[in-house]
Amino acid sequence: MIGAILTQQTRWENVERAIQALKEAGLCSIRAIRDASPGQIEDLIRCSGFYRVKTHRLFHLASHIMDTYGGVQGMRKKPTGELRASLLSVHGIGEETADSILCFGLGRTSFVIDAYTIRICRCAGIPGDRTVLKSAFEEILPARIGAYRQAHAHIVEYAKDYCQKKRCDTCLVRNLNG
DNA sequence: CACCAGGTTGACC
DNA sequence: GGTCAACATGGT
C-alpha cells in the first residue's frame, strides 16, 4: 500500500530504496506512519520524488485506514467494491493507486490499468478508456490473484522495452486521450 | 543539458 | 468538459 503511493509517476527502483529506508527506521507500516512526524517521513522517502505531497498522501491513507478499519487487518473481511470506493475517497488516491493497493496489497482481483496499459491497447488497436479496459481485462483473466498480478507486471515490462518514446512515435499513439 | 518516470489534484478556460 | 501546471528526485 505504501509502495502504491510512492510509485505514483515514479520508477519502482527508486521506490524500493524509499521503502528500505522506511523499514530501517521502523516506519514501514500503516500505524507507524500515522504516528510519525511528517519531517521524518519526508527525509526517508525523498529519493522517490514528490516527497512532500506523497508524505501527505501517506498520512491521509494511514489515518483513513486506522479510523475506518482499525488497521489493515480490519480491511480483510470487507468486500472489494466497498474497499475500492473507500480508497477512492482518500485524497491522493486515484483509480490506479486504489486498484494497485487492492491487487498487490490485499490480494483482490481488481485489475490495474496504468498509462502503459492504455498506451499498449491503443497500439494494438483496442479502444476504450480506463473503465472499459478494466472491465475487458477482468472478463478475460482467470479469477486468480496471480494471474492479475502477472498480467499487469508483464504489460509494464513489455512497455518499458517496446513502448517507450521512440517506438511509440513510430506508431503514433503518444496522446492517450486521442 | 534535455527529457522522462506505473499519478492525482485543482485551477482555468 | 477538456487542458494544464504543480509536485521533486534520479536516471539515461
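Protein chains get the first letters and strands the later ones, always in sequence-line order, with residue 1 at the start of each.
- In this model, the phosphate group of C:dC7 is not approached by any side-chain N or O of A:Tyr51 to a distance below 4.0 Å at OP1 or OP2.
- Counted by atom type alone, A:Thr10 and A:Lys54 present one or more donor-acceptor pairs between their side chains at under 3.5 Å.
- For A:Lys54 and B:dA5, the NZ to P distance is 14 Å, given to the nearest whole Å.
- Using a 4.0 Å heavy-atom criterion, one finds that A:Arg52 contacts the sugar-phosphate atoms exclusively.
- The phosphate of B:dG7 has OP1 or OP2 within less than 4.0 Å of a side-chain N or O from A:Gln9.
- Between A:Phe137 and A:Phe111, the angle of the ring planes stays under 30°, which puts this pair in the parallel group of the 30/60° scheme.
- When rounded to the nearest whole Å, the span between CD of A:Glu42 and P of C:dA8 equals 8 Å.
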Show the atom names and distances, to 0.1 Å, of all donor-acceptor pairs under 3.5 Å that link a side chain in residues 26-38 of chain A to residues at least two apart or in another chain.
unit_1: A:Ser29; atom_1: OG; unit_2: A:Ala32; atom_2: N; d: 3.1
unit_1: A:Ser37; atom_1: OG; unit_2: A:Gln40; atom_2: N; d: 3.3

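- Heavy atoms of other residues, nucleotides or ligands lying less than 6.0 angstrom from NE2 of A:His56 number 12 at most.
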Stepwise side-chain contact (heavy atoms from CB on, under 4.5 Å) test for A:Gln20 and A:Glu16: CA-CA 6 Å; A:Gln20 187 56 37; A:Glu16 282 184 319; over 6 Å; no

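- The residue A:Glu95 sits close only to the backbone: its heavy atoms come under 4.0 Å of sugar-phosphate atoms, none of a base.
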Under 3.5 Å, which protein N or O atoms sit close to an N or O of nucleotides 10-12 of chain C? Give each pair with its distance.
none

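- Nucleic acid contact for A:Ile5: none, since no nucleic acid atom lies under 4.0 Å from a heavy atom of the residue.
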